[in-house]
Amino acid sequence: MRMILAVAAVLYSASAFAQTEKPPMVGDKPLVQVQPKGTKAGTKEAAAKPAAAAKGKPQSVAVRLQACLEIDDGTKDRLNCYDAVIPPAPKPKPAKAKGYADCRFFKEEDERLSCFNGFAESIPKLPKN
């Protein structure tokens, strides 16, 4: 019986010593929590991404481009949706677009929107899980 009380007293005192007000230290430096790469809460990029991308499983570029097709055609909102998926990088004299990634090189918004629309509508519809 005395042995059980002695073990309980040692365990109880050890847990009391483990609770300190100082953060855990490694050498002379406190431990820090590292944020995963790509998480920028409160930035413009995080606000501009479609709400569907916030789900648990990351979505492909094709799915995100097709999600932009649900927005009214010919509007600035649809172009903003496309630009959130593929940020624009205008060039003075862009070549003819061979894929949806080349649409970002168009300087004029109307040209960029029609380019994205053409490729987004030609992508085969993926089954929803």
Side-chain angles (χ1 to χ4, degrees):
M1 183 69 174
R2 289 182 187 169
M3 186 60 107
I4 294 173
L5 286 175
V7 169
V10 168
L11 290 177
Y12 181 73
S13 63
S15 65
F17 284 121
Q19 298 175 6
T20 62
E21 291 182 23
K22 294 188 279 184
M25 305 285 274
V26 175
D28 295 339
K29 299 178 182 178
L31 283 176
V32 294
Q33 290 184 343
V34 179
Q35 248 185 345
K37 288 184 180 180
T39 56
K40 298 177 184 176
T43 61
K44 285 184 182 179
E45 292 88 21
K49 288 192 178 183
K55 293 182 181 176
K57 192 167 93 173
Q59 294 182 335
S60 69
V61 174
V63 171
R64 291 186 290 170
L65 287 174
Q66 286 178 342
C68 294
L69 291 175
E70 296 173 5
I71 300 172
D72 291 335
D73 189 19
T75 61
K76 179 77 173 162
D77 291 336
R78 185 182 271 195
L79 182 62
N80 289 340
C81 181
Y82 287 138
D83 288 344
V85 176
I86 301 172
K91 289 186 176 180
K93 294 182 181 177
K96 185 177 183 214
K98 295 179 181 175
Y100 60 83
D102 295 336
C103 295
R104 66 188 169 137
F105 298 127
F106 288 112
K107 188 174 185 177
E108 290 293 321
E109 292 180 352
D110 292 335
E111 290 179 45
R112 200 164 66 239
L113 181 61
S114 63
C115 179
F116 277 126
N117 281 339
F119 285 110
E121 290 168 355
S122 68
I123 298 172
K125 297 286 184 193
L126 300 172
K128 294 186 179 183
N129 293 337

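Values below: all heavy atoms of this structure, side chains included; hydrogens, waters and symmetry mates excluded.
For Lys76, the side chain to side chain donor-acceptor pair (under 3.5 Å) partners at least two apart in sequence or on another chain are Glu109. For the salt bridge (Lys or Arg N to Asp or Glu O under 4.0 Å) test, residues two or more places apart in sequence or in another chain that qualify with Arg112 are Asp83. Every residue two or more places apart in sequence or in another chain that forms a side chain to side chain contact (heavy atoms under 4.5 Å, CB included) with Asp72 is listed here: Thr75.
Within the structure, ring pair (Phe, Tyr, Trp, His ring centres under 6.0 Å) contacts touching residues 90-110 (residues at least two apart or in different chains) do not occur.
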Donor-acceptor contacts under 3.5 Å from residues 113-123 side chains, at least two apart:
from	atom 1	to	atom 2	distance (Å)
Ser114	OG	Asp110	O	3.2
Ser114	OG	Glu111	O	3.0
Asn117	OD1	Arg78	NH1	2.9
Asn117	OD1	Tyr82	OH	2.8
Asn117	ND2	Asp73	OD1	3.0
Asn117	ND2	Leu113	O	3.4
Ser122	OG	Gly118	O	3.3
Ser122	OG	Phe119	O	2.9

Listed pairs under 3.5 Å, donor-acceptor, residues 86-97 side chains, sequence neighbours left out:
none

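Around atom CG of Leu5, more than 12 heavy atoms belonging to other residues, nucleotides or ligands sit under 6.0 Å away.
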